[in-house]
J.: 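Before anything else, here's the structure in question.
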Amino acid sequence: MQEPPRLADSESYQGEAVPIPNGPSALLVHLDNTARRLTTPWQICMIRAELLRKCSLPEGAILDPACGAGLQVSALANALKKDVLAIESNQERAEMAAANLARISAWLGNENTGSVIIGDGTNSTSIIKLFENKKQISLFYFDPARPSGSTTHDLSEMRPLLNEVLDAWKSHLNETDFGPAIVLDLSPRLSELRRSQVEELIEERWPKIAKTWQWASRGSGRIDRLSLWLGAAADPQNERRFIRIPPSIHSEPLILGSGEHNFSNPIEDRTFPRKGEVLTMLDSALVSSGIAPSWLKTVLQEGDEFQWQNITGRRPIITHREALSFEHPLDSKLIQASGRIVSLIRSPLEMEHLHNFVEKSIDAGIGKLTLRVSLNPELQPVIQRELDICLRRSGGAKTGFITRASEEDHLLLCIDE
Ligand SMILES: C[S@@+](CC[C@H](N)C(=O)[O-])C[C@H]1O[C@@H](n2cnc3c(N)ncnc32)[C@H](O)[C@@H]1O
């Protein structure tokens, strides 16, 4: 039989306090090894809280039915100045969350009116009774537990289950004209099929609710976070949002939006890259979020257009006529490389043909050439070293790279723009 839910005491947890991950070093919280693995870095907690501060949320408390050590819900409570109802099935972690909520609120100089419940996040009836049926929910924030080694990212792996937790709390969620405010923190590796399954679960309960999918990345082409923002929490202008998280917690993130739901596959009418064109290798996380086309409109020169050469894999490539122009300090982090094509080389990239690459580079004034192609991992450093030695002697002042737009194409020698 399920244990009745009960309030976690913020003074019960006796473990030591450590600096909050990715946050101010003076802010100390409680985390054990498991909670540290599960928790959301403070920088991300605060970026989300700031985005929600711009939304018109309904009245009521923030509900987190699987709160872990409570860092995200604490960030939301303090930024939005709202009451909290957080639930965690693991008693020790629930006590940790209660202590963290109190610590974080005190550190930020705010009153803590929140409650952390030890119990099952789907047990809404008993939990609401603890508050004499008076709790109304402003924002439903859900970050379920998932098996760490999952390859399928099936929705049935979430704990608690998404459909069960939604059904349990649906009638307690306050609504605005845009519906309830919901944020679902999902696996960053959720496939398009799984994303549409999540959308179906939502549509069954709130037909036509506004949706914004949000990808967040710290760079290197990796998607670190994927979340779905719904109803009063969604951005009505943007069905997709991409956030480039800055390396420093003191810098502002780059937030890009796109109104397009799907991006069509634009590779079909590809024309081969030509000498004189600019080739740009984009950040693969930006491309998989589907935001690249709308971001490119902001960084391409007026009148310029781009052509997809390759849209999948680690090195998505476009070609265009003029150099890109960047305004935001993080814009340049959304490309891996950009350069003007100076030569098309038909020789294979092998030691015995390397002289072709060296000669063409010297002709173009290149003194340092980077390999940006998939090569046998043993051969890659050998070829790179040989190129470095040959070109260092040439005294060329320019830098460049060598790449291939698609598997069947020639190699392209480019000078960095
Ligand atoms: C990914 S963690 C949440 C992390 C949290 N958002 C943070 O920022 O620290 C998910 C939590 O859900 C808890 N959980 C799993 N099943 C649950 C259930 N049925 N009811 C309540 N909590 C549950 C797990 O114990 C785990 O601590």
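Only heavy atoms go into these numbers, but all of them, side chains included; no hydrogens, no water, no symmetry mates. When a residue number appears, it is its place in the shown sequence, counting from 1. Whatever order the structure lists ligands and atoms in, that order sets their numbers, starting from 1.
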J.: Quick check: do L334 and F326 have side-chain heavy atoms less than 4.5 Å from each other?
T.: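 With C-beta onward as the side chain, the pair stays apart.
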J.: Please state which part of R146 comes within less than 4.0 Å of ligand 1, counting heavy atoms only: side chain, backbone, both or neither.
T.: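 No part of R146 comes within reach of ligand 1.
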J.: By number and element, which atoms of ligand 1 are closer than 4.0 Å to a non-hydrogen atom of Q72?
T.: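 Taking each heavy atom of Q72 in turn, ligand 1 has 8 (O) under 4.0 Å.
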J.: Pick, from A69, A66, G121, the option with the minimum heavy-atom distance to atom 3 (C) of ligand 1.
T.: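 Looking at heavy atoms only, the winner is A66.
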J.: Return yes when atom CD of E252 has more than 12 non-hydrogen atoms of other residues, nucleotides or ligands closer than 6.0 Å, and no otherwise.
T.: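 Open: at most 12 neighbouring heavy atoms sit under 6.0 Å from CD of E252.
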J.: With heavy-atom distances below 4.0 Å as the criterion, list the atoms of ligand 1 near G119.
T.: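 Those atoms are 20 (N), 21 (C).
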J.: Counting neighbours of NZ on K82 that are heavy atoms of other residues, nucleotides or ligands and sit closer than 6.0 Å, is the number greater than 12?
T.: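 More than 12 heavy atoms, drawn from other residues, nucleotides or ligands, come within 6.0 Å of this atom.
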J.: Hey, which atoms in ligand 1 end up nearer than 4.0 Å to a heavy atom of D120?
T.: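 Once the distances to D120 are compared, the set is 19 (N), 20 (N).
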J.: Are any of the side-chain nitrogens in R194 or D154 under 4.0 Å away from the carboxylate oxygens of its partner?
T.: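 Yes, this pair counts.
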J.: Counting only heavy atoms, which portion of A35 has something under 4.0 Å from ligand 1: side chain, backbone, both, or neither?
T.: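 Within the 4.0 Å criterion, A35 makes no contact with ligand 1.
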J.: Going by the order shown, which atoms of ligand 1 are within less than 4.0 Å of some heavy atom of P65?
T.: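 The list of qualifying atoms is 20 (N), 21 (C), 22 (N).
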J.: Would you please classify the geometry between the F142 ring and the F140 ring as parallel, tilted or perpendicular, with 30° and 60° separating the classes?
T.: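 Tilted: the ring planes of F140 and F142 meet at 30° to 60°.
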J.: Can you tell me the protein heavy atom closest to atom 15 (C) of ligand 1 and the distance?
T.: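 Among all protein heavy atoms, the one nearest atom 15 (C) of ligand 1 is R159 O, 3.4 Å.
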J.: Which of the numbered atoms in ligand 1 are under 4.0 angstrom from any heavy atom belonging to R93?
T.: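 That gives atoms 24 (C), 25 (O), 26 (C), 27 (O) of ligand 1.
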J.: Could you say whether the N/O atoms of E88 and ligand 1 ever approach to under 3.5 Å?
T.: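 Indeed, backbone or side chain, E88 has an N or O that close.
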J.: Does C45 approach ligand 1 within less than 4.0 angstrom via side chain, backbone, both or neither, non-hydrogen atoms only?
T.: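 Near ligand 1, C45 shows nothing, with every heavy atom at 4.0 Å or more.
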J.: Among C67, P21, G70, P160, which residue places a heavy atom closest to atom 5 (C) of ligand 1?
T.: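 Ranked by closest heavy atom to atom 5 (C) of ligand 1, first place is C67.
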J.: Are Q91 and R6 close enough that a side-chain donor and a side-chain acceptor fall under 3.5 Å?
T.: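 Yes, a side-chain donor-acceptor pair sits under 3.5 Å.
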J.: T39 heavy atoms, cut-off 4.0 Å: which ligand 1 atoms fall inside?
T.: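 Answer, ordered by atom number: 7 (C), 8 (O), 9 (O).
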J.: State the atoms of ligand 1, each with its element, that fall below the 4.0 Å cut-off from a heavy-atom position in P144.
T.: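 Counting from 1, the qualifying ligand atoms are 1 (C), 10 (C).
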J.: Would R244 and D283 count as a salt bridge (Lys or Arg N to Asp or Glu O under 4.0 Å) if you check the C-alpha gap in whole Å, the side-chain angles of each, and the deciding distance to 0.1 Å?
T.: CA-CA 11 Å; R244 179 61 165 78; D283 176 85; 5.4 Å; no
J.: So with a 6.0 Å cut-off around CD of Q301, is the heavy-atom count from everything else above 12?
T.: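 Yes - once you tally the heavy atoms of other residues, nucleotides and ligands closer than 6.0 Å, there are more than 12.
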J.: Please write down residue, atom name and distance for the protein heavy atom closest to atom 23 (C) of ligand 1.
T.: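 Here the closest protein heavy atom is S89 OG, 3.2 Å.
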J.: Give the numbers and elements of all ligand 1 atoms closer than 4.0 Å to a heavy atom of L71.
T.: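 Result: 9 (O).
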J.: Any nitrogen or oxygen of I87, side chain or backbone, less than 3.5 Å from one on ligand 1?
T.: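 N/O-N/O distance under 3.5 Å: no.
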J.: Can T122 be said to touch ligand 1, with heavy atoms closer than 4.0 Å?
T.: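 Judged by the 4.0 Å heavy-atom criterion, T122 does not count as contacting ligand 1.
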J.: Quick one, K54 with D235, criterion salt bridge (Lys or Arg N to Asp or Glu O under 4.0 Å). Give me CA distance, side-chain angles, the key distance, then yes/no.
T.: CA-CA 10 Å; K54 297 182 189 132; D235 175 350; over 6 Å; no
J.: For H410 together with F272, are the ring centres under 6.0 Å from each other?
T.: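 Yes, the ring of F272 comes within the 6.0 Å limit of the ring of H410, centre to centre.
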J.: With a 4.0 Å cut-off on heavy atoms, is A97 touching ligand 1?
T.: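 No, A97 has no heavy atoms under 4.0 Å from ligand 1.
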J.: Could you tell me whether the side chain of L324 reaches within less than 4.5 Å of the side chain of L300, counting heavy atoms only?
T.: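 Yes, side chains in contact.
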